[in-house]
Asks: 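My structure is below; once you've seen it, I'll send some questions.
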Amino acid sequence: MGIDGVQKVGQEFYGNIGSSSFKPFEALEILRFEEMLEWEEWVCREIEFPCLKVLYIKECPKLKKDLPKHLPKLTKLEIRECKQLVCCLPMAPSIRKLELEECDDVVVRSAGSLTSLASLDISNVCKIPDELGQLHSLVELYVRFCPELKEIPPILHNLTSLKNLNIQGCESLASFPEMALPPMLEGLQIFSCPILESLPEGMMQNNTTLQYLDIHSCRSLRSLPRDIDSLKKLSIYECKKLELALPEDMTHNHYASLTQLNITNSCDSLTSFPLASFTKLEYLFIENCGNLESLYIPDGLHHVDLTSLQSLSISNCPNLVSFPRGGLPTPNLRLLRILRNCEKLKSLPQGMHTLLTSLQDLYIYDCPEIDSFPEGGLPTNLSELYIISCNKLVANPMEWGLQTLPFLRSLMIGGCEKERFPEERFLPSTLTSLEIWGFPNLKSLDNKGLQHLTSLETLEISKCEKLKSFPKQGLPSSLSRLYIQGCPLLKKRCQRNKGKEWPNISHIPCIAFDRYTKNEEVILS
């Protein structure tokens, strides 16, 4: 590895072979040649590597010819950045994985003879040769960073065992073959193919197994095939022109089996999201969809079955104004997150108390127009509540009704202008974790609001620049972890043994200041 002066690997590499009984490298299983910049020739002749399982040849730009002819036990071969290598790959009846990068067309074509291959990764090649259509045992195919590749050839359909196809960084790829996907394909990923405009409607004709479709950074892509009834997971990133097939009349559900949907910075045409079209959906994540205005259920539909939905996250959708009229009929929803820059949203889903009976985690972040929780209050099963940068909502905390939540364990409140916190009888005694974040005007903590927290184990205080003292009566005796970050006045007064606040916190086993992580606690005994 990295032996720049070597130009030839010949007889001396194998030792004394004068004796017919001598067999070099008889037990060798892994062999690497890397960064041999002057290496031109590997003299193999009749030398065998009877037990070799893995062979790497990387960054040997002058290597021109010859590889071992027969490697009976080889299972993995990797050749990278050997542009001048022009020869056939070894006969390797046991090989399962092959990776080729910047290799000559002769090398790539010869991969078609390795009929036991299960995984093939080719990158920086000009085209996919027809010979690869003979790989009937291939399960995974990766085609990556091939800037001159213009099309995926029809031989793709011959790969009858293929389950996963990954195409990435092919800047000139304009089309897929006008024929069906391999019949056993389960996962299709297409990343960074900027001029690809569409996937053919006929691609699902003979495939009923596709379950995962991941489209990333295909800025010209406008449509997906309509009939993907088998699809379970769909992820769309950075595809602004893409239009989803979302029927209004529900005559045919194109996503009848879909359980996970992720839309990020995509689908500019999407203004209303029809929840009723996704009756099997378990996880829905929508982020950076600038034109999305609403999630809706048509008025004419009664008893919509959304019992599968467990997680709903909406982030950075500045034009979102409403949820479905009457609320979300999602009795098994456990996580609801509305995050970052949903500045026009004025209210949360109606009837949360009765409709979201399984809700455990609620995150509301940067929703400045929300001023109250829905009538009836919060679901009683709630265990984690995060409210950040919602000034109107935080203005009336006593209306939240936290005392009625018997299972609330974790509470985070942030981005607030209050000078004193928390109000008396605001926090429930069930809390085990409390985080106070981003109170720029907070000067003191109210003892009456903390003294009853007999179960509190973790207290985190962050970015409260004016806070300099704890209650005179001290913090709850149950506290075992105290994290202080971005509070310079308080930090100074909490110095061990000499700070004025040290007597109030000395009983706490774990205390951490600034740049802490919960896995790297500073323990003060």
Side-chain angles (χ1 to χ4, degrees), residues 335 337 360-365 381-389 394 397 400 402-403 405-416 418 420-440 442-525:
L335 171 66
R337 297 192 298 184
Q360 298 178 8
D361 303 331
L362 176 61
Y363 297 75
I364 310 297
Y365 175 27
N381 279 320
L382 204 65
S383 61
E384 291 192 7
L385 176 62
Y386 284 53
I387 306 294
I388 306 171
S389 298
V394 177
W400 294 7
L402 298 189
Q403 298 289 345
L405 304 178
F407 304 108
L408 191 65
R409 299 290 183 267
S410 180
L411 174 65
M412 176 181 179
I413 298 181
C416 180
K418 289 179 176 291
R420 295 178 63 85
F421 182 84
E423 289 84 348
E424 185 178 0
R425 297 188 305 277
F426 169 52
L427 301 176
S429 59
T430 56
L431 284 184
T432 60
S433 175
L434 173 63
E435 183 170 355
I436 303 168
W437 175 89
F439 279 52
L442 184 65
K443 296 179 180 179
S444 62
L445 296 177
D446 194 315
N447 175 64
K448 292 183 179 180
L450 293 175
Q451 61 182 0
H452 67 291
L453 300 182
T454 55
S455 299
L456 194 66
E457 299 173 357
T458 301
L459 175 62
E460 306 183 31
I461 305 173
S462 304
K463 297 186 179 181
C464 299
E465 292 85 356
K466 294 183 180 180
L467 182 64
K468 60 181 181 181
S469 64
F470 293 115
K472 292 181 179 179
Q473 294 81 355
L475 296 172
S477 58
S478 58
L479 211 59
S480 59
R481 291 179 175 85
L482 174 63
Y483 302 105
I484 300 173
Q485 180 165 314
C487 305
L489 300 179
L490 185 61
K491 177 183 176 182
K492 183 177 181 181
R493 293 165 66 92
C494 288
Q495 293 182 19
R496 186 176 186 179
N497 295 327
K498 58 182 180 181
K500 292 184 179 181
E501 291 296 326
W502 178 253
N504 287 330
I505 64 173
S506 59
H507 67 283
I508 302 174
C510 302
I511 303 175
F513 297 98
D514 295 329
R515 297 185 180 180
Y516 69 85
T517 65
K518 294 180 182 179
N519 294 323
E520 298 175 353
E521 299 169 347
V522 178
I523 300 179
L524 303 177
S525 57

Asks: Do Ile461 and Phe470 make a side-chain contact, defined as non-hydrogen atoms from C-beta onward lying under 4.5 Å apart?
Replies: yes
Asks: Are Tyr363 and Glu384 side-chain neighbours, meaning at least one heavy-atom pair lies under 4.5 Å?
Replies: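 They are in contact (side-chain heavy atoms under 4.5 Å apart), so the answer is yes.
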Asks: To the nearest 0.5 Å, how far apart are SG in Cys510 and CD in Glu457?
Replies: 11.5 Å
Asks: Between atom NZ of Lys500 and atom CD of Gln495, what is the distance when rounded to the nearest 0.5 Å?
Replies: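 Separation between the atoms: 12.0 Å.
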Asks: Is it the case that the side chains of Tyr483 and Glu435 hold a donor-acceptor pair, with the cut-off being a distance below 3.5 Å and no angle test?
Replies: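 No, because no side-chain N or O of Glu435 sits under 3.5 Å from a partner of the opposite role on Tyr483.
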Asks: Looking only at heavy atoms, what is the nearest atom pair of Cys494 and Ile484, with distance?
Replies: SG-CD1, 4.1 Å
Asks: Mind listing the closest non-hydrogen atom pair of Glu501 and Ser469 along with its distance?
Replies: OE2-CB, 3.3 Å
Asks: Starting at CD of Glu465, measure out to NZ of Lys443 and round the result to the nearest 0.5 Å.
Replies: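 The NZ atom of Lys443 is 13.5 Å from CD of Glu465, to the nearest 0.5 Å.
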Asks: Side-chain contact test, heavy atoms from C-beta onward, threshold under 4.5 Å: evaluate it for Tyr365 versus Tyr386 and give yes or no.
Replies: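 No, side chains not in contact.
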Asks: Donor-acceptor check, side chain of Asp361 to backbone of Ser383, threshold 3.5 angstrom: yes or no?
Replies: no
Asks: Measuring from atom CG of Leu467 to atom OG of Ser462, what distance do you get when rounded to the nearest 0.5 angstrom?
Replies: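 So the gap between those two atoms works out to 11.0 Å.
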Asks: If I compare all heavy atoms of Pro440 with all of Cys416, which pair ends up nearest, and what's the gap?
Replies: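 So the minimum-distance heavy-atom pair works out to CD-O, 3.2 Å.
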Asks: Ile436 versus Cys464: any side-chain heavy-atom pair under 4.5 Å?
Replies: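 Ile436 vs Cys464: side chains touch.
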Asks: Hey, is the main chain of Leu408 close enough, under 3.5 Å, to the side chain of Thr430 for a donor-acceptor pair?
Replies: yes
Asks: Between Glu460 and Arg481, does the salt bridge (charged side-chain N to carboxylate O under 4.0 Å, His left out) criterion hold? Intermediate values first, please.
Replies: CA-CA 8 Å; Glu460 306 183 31; Arg481 291 179 175 85; over 6 Å; no
Asks: Is a side-chain N or O of Thr432 found less than 3.5 angstrom from the main chain of Arg409, in a donor-acceptor match?
Replies: yes
Asks: Taking the side chain as every heavy atom from C-beta outward, state whether Ile413 and Ile388 have any atom pair closer than 4.5 Å.
Replies: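 Side chain of Ile413 against side chain of Ile388, heavy atoms only: no contact under 4.5 Å found.
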Asks: Which atom pair, heavy atoms only, marks the closest approach of Asp446 to Pro422?
Replies: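 It is CB-O, 3.2 Å.
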Asks: Give the minimum heavy-atom separation between His507 and Leu479, together with the two atoms involved.
Replies: CD2-O, 4.5 Å
Asks: Has the side chain of Gln403 got a donor or acceptor atom that lies under 3.5 Å from a matching backbone atom of Arg425?
Replies: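 Answer holds: yes.
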Asks: If you define the side chain from C-beta out and look only at heavy atoms, does anything of Phe426 sit under 4.5 Å from Phe421?
Replies: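 Yes; the side chains approach each other to less than 4.5 Å.
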Asks: Please report the C-alpha distance between Leu445 and Phe439 in whole Å, then the side-chain angles of each, then the deciding distance to 0.1 Å, and finally whether the side chain to side chain contact (heavy atoms under 4.5 Å, CB included) criterion is met.
Replies: CA-CA 11 Å; Leu445 296 177; Phe439 279 52; over 6 Å; no
Asks: Which heavy atom of Pro476 sits nearest a heavy atom of Leu453, and at what distance?
Replies: CB-O, 3.5 Å
Asks: Is the side chain of His452 donor-acceptor paired with the backbone N or O of Leu427 at a distance under 3.5 Å, no angle test?
Replies: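 Yes.
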Asks: Are Glu423 and Lys418 within salt-bridge range, i.e. N to O under 4.0 Å?
Replies: yes
Asks: Does Ser478 reach the main-chain N or O of Leu456 with its side chain, forming a donor-acceptor pair under 3.5 Å?
Replies: yes
Asks: Take Leu402 and Leu411, measure what side chain to side chain contact (heavy atoms under 4.5 Å, CB included) needs, and give me the verdict at the end.
Replies: CA-CA 10 Å; Leu402 298 189; Leu411 174 65; 4.0 Å; yes
Asks: Rounded to the nearest 0.5 Å, what separates atom CG in Leu475 from atom OG in Ser477?
Replies: 10.0 Å
Asks: I need the Lys498 NZ to Lys492 NZ distance, nearest 0.5 Å.
Replies: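 Interatomic distance, Lys498 NZ to Lys492 NZ, rounded to 0.5 Å: 10.0 Å.
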Asks: Side chains of Leu405 and Pro428: closer than 4.5 Å at any heavy-atom pair?
Replies: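 Of all side-chain heavy-atom pairs linking Pro428 with Leu405, none is under 4.5 Å.
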Asks: With side chains defined as the heavy atoms from C-beta onward, is the minimum distance between Trp437 and Met412 less than 4.5 Å?
Replies: yes
Asks: Quick one, Trp502 with Ile511, criterion side chain to side chain contact (heavy atoms under 4.5 Å, CB included). Give me CA distance, side-chain angles, the key distance, then yes/no.
Replies: CA-CA 11 Å; Trp502 178 253; Ile511 303 175; 4.1 Å; yes
Asks: So, does Arg493 use its side chain to make a donor-acceptor pair with the main chain of Lys468 at under 3.5 Å?
Replies: yes
